[in-house]
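Data block below; observations after.
Chain A is the first sequence line, chain B the second, and so forth, proteins listed ahead of strands; every chain is numbered from 1. Everything quoted here is computed from the prediction, not taken from an experiment. Only heavy atoms go into these numbers, but all of them, side chains included; no hydrogens, no water, no symmetry mates.
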Amino acid sequence: MSDIKTHTLSAAGVAGAIALAVAGATFAPTAAASMERCYGIALAGQNDCAAGPGTSCQGSSTVDYQGNAWTMVPTGTCESIELPGDRQGSLEELDRDVPGRS
Amino acid sequence: MTAQAEARRDPTRGVGPSGARAEPPIPASAGVGLKPAHYRDILEARPPVGWFEVHPENYMGAGGPPHRYLEAVRERYPLSLHGVGLSIGGAQPLDTAHLERLAALVRRYQPGLFSEHLAWSTHTTGFLNDLLPLPYNESTLAHVARHVSQVQECLGRTMLLENPATYLRFQDSSIAETEFLEELASRTGCGLLLDVNNAYVSAVNHGFDAADYLDRFPMEFVQEIHVAGHVRRLDDLDQPLLIDSHDTPVPDPVWILLERALKQCGPQPVLVEWDSDIPEWAVLMGQAERAQHTLERCHPAAYRHHANAC
Amino acid sequence: MPTLAETQARFVAALRNRDTAPLPLVLGRDGEIPALRFDVYRNNVHVSLVNAIAAAYPTVERLVGPDFFRGMARVFVGEALPQTPVLLDYGAGFPAFIERFSPASTLPYLADVARIDWAWHRAYHAAEGQSLTPRDLSAVPAEHLGGARFTLHPSVQALASPWPSLSIWRTNRHDDEVRSVNLRAGGEETLVSRPGHEVGVWHLPNGGSRFLHRLLAGETLSDAAGATGAEFDLVTTLQTLLTSGAIAHYRF
């Protein structure tokens, strides 16, 4: 990015870095164009006085987690993260390195 | 709030221990629970809703967008704070840090009303985030009354206490819920928030008559009413089990009970609560209009503009 | 008759552990054993708290999928209830929990991605503060600024990860179609800030988070910069701080 990648920082070096940084930086607080720009993103709060969404009386609140009783595997976007060791994508391949899994 | 609306209220009611009363008060009209999904609709269109209510716990961050939105709404509408975290029925002492957070929000937003639930939610192990039921007996009564007085002293104002929706009852309950609430209000000077949906949910769940519950409810202490929706399930014995889910339109039996209640307690602020599966604003607005219409039909003299007989 | 404290202790034990019966304290409609009715309370507690975790960690949920995420969050909730009723503060310990949650050990970057989610969440709710503009700073003679000490905006947080956690976070948070990220690309450092009302997430040069923590500790600009490694890119770091509105005040 710059010539001022310093090994030892002199006062002049710091001053130069600041001058360069100030010249290159743009801080523009967003203009009030839409409501979101005025107030920010509106996110739902988590404190409610009702049974939460997805609740029922079906007893679904338990997930047995006792070490090897856990049977779930990640199914999201994590497969697009390329894994180290020249293995790409597949979680199953990495499983063999993890103790307690087969 | 108009002078006419102000005159409808009994001026001796709603005056706290210190005599303080925040402005503006909540009008005896339909209000709506404020949800972030509707900030935009509300601020842009300024719908003709009498007032809004929020859960103060959702505004206990130090800053950021939630406060920006709430301030903007508060500039345009009366606001009520409806707490869900105080655990006023908890066996342990009230959380004074939480009380202080509430007091700070009350100072900042000057709500017309502050209410909480006749329930508990905190235990020594932590906060359980549900409104859990209480055994109704002399010892619980004395305990909850002390907590209510402590809250009112700390906030410098009267609070309202809401009847809960319950799914089971305690073996060692010896006092009827209506009597329990009446006694609490008498001892502490607090007002009551009558949740008509909760009354219906509990009535079905425990096999009593909701209309009878309302007839025994101490209406002279009521300063706010809630309506909401619920879902219907069956319990182990195939008995109906209603769950207070706040995720549907207000069902007909609750509207009918609202009319019954309003005839007994006079014109009051009526809140439409909808907390899950939040619909678009127009749907909530329609519910608020129906609540307003119900108020006007029950008390035509109090709403001169369009007075239809009840 | 049990005291209120005893009743509630028993109630909580039954809420938290399915093997503990709530009886004989509570009754259903006809005095029967109210197992299903008690489950309503059990579910309300646990589902609502899992929802609170999900609200703060949307990127983690996308990475592992909703089923795995909710299962993992349910275990976390089982271990650690909120300690205050303010749920926007709940979940700070989730990244550390992920780190020792063995079913997630195939995703070694997951905890650091979670830390960026939490920093975003904290910044969203952080106190209001001022942000210096480059113009404010250029009003001070540059040769004096090395001796300046900075106060940072209350929302500012800096994170360092041995994984390309920011790249993973960014594509999962913002892209409709997630781009692939090479885990061997090396570590990344991240700056989170909320100047005004919009949370921003920036890439920091290596050593940037250490530099920032030294500024936060009250060191002068020169001292903080001098204490970082030989390859430290001070210009880009300062540019990022200014662009992100991270600097609130300076003093000498």
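- For B:N58, the part lying under 4.5 angstrom from a heavy atom of chain C is the backbone only.
- Note: B:H55 and B:H82 have tilted aromatic rings, judged against thresholds of 30 and 60 degrees for the angle between ring planes.
- The existence of a salt bridge linking C:R194 and C:E128 is confirmed by a sub-4.0 Å separation between a basic side-chain nitrogen and an acidic carboxylate oxygen.
- When the candidates B:G83, B:P66, B:S87 are compared by the number of heavy-atom contacts under 4.5 Å with chain C, B:P66 comes out ahead.
- No side-chain donor-acceptor contact under 3.5 Å links C:N172 and C:T59.
- Taking the six-membered ring where the residue is Trp, C:H125 and C:H121 present perpendicular rings, their angle passing 60° and hence far from 30°.
- Taking the six-membered ring where tryptophan is involved, the planes of B:H123 and B:W120 are perpendicular, since the angle between them exceeds 60° and thus also 30°.
- Between chain B and the options C:T3, C:V86, C:V77, heavy-atom pairs under 4.5 Å are most frequent for C:V86.
- Heavy atoms of B:L131 lying under 4.5 Å from chain C belong exclusively to its backbone.
- Between the side chains of B:S202 and B:N205, no donor-acceptor pair is found at a separation under 3.5 Å.
- At a threshold of 4.5 Å between non-hydrogen side-chain atoms, the residues B:R233 and B:I243 count as touching.
- With a threshold of 4.5 angstrom between heavy atoms, C:P2 approaches chain B through its backbone and through its side chain.
- The pair B:D236-C:R37 does not count as a salt bridge, with every side-chain nitrogen at least 4.0 angstrom from each carboxylate oxygen.
- B:D95 touches chain C through its side chain: at least one heavy atom from C-beta onward sits under 4.5 Å away, while N, CA, C and O do not.
- Looking at C:A52, neither its backbone nor its side chain comes within 4.5 Å of chain B, counting heavy atoms on both sides.
- Contacts of C:A126 with chain B are made by backbone atoms alone, with heavy-atom separations under 4.5 Å and no side-chain atom involved.
- Listed options B:H67, B:H143, B:R101 were ranked by heavy-atom pairs under 4.5 angstrom with chain C; first place goes to B:R101.
- Counting heavy-atom pairs closer than 4.5 Å to chain C, the top-ranked of the candidates B:E57, B:Q92, B:R68, B:H98 is B:R68.
- Highest contact tally toward chain C, considering only B:S173, B:S121, B:G90, B:S139, is held by B:G90 [criterion: heavy-atom pairs under 4.5 Å].
- Ranked by heavy-atom pairs shorter than 4.5 Å toward chain C, the options B:G89, B:P133, B:G61, B:P56 are led by B:P133.
- Taking the six-membered ring where the residue is Trp, the centroids of C:F11 and C:F38 are separated by under 6.0 Å.
- In this structure, chain B has a heavy atom under 4.5 Å from the side chain of C:T7, while its backbone stays farther away.
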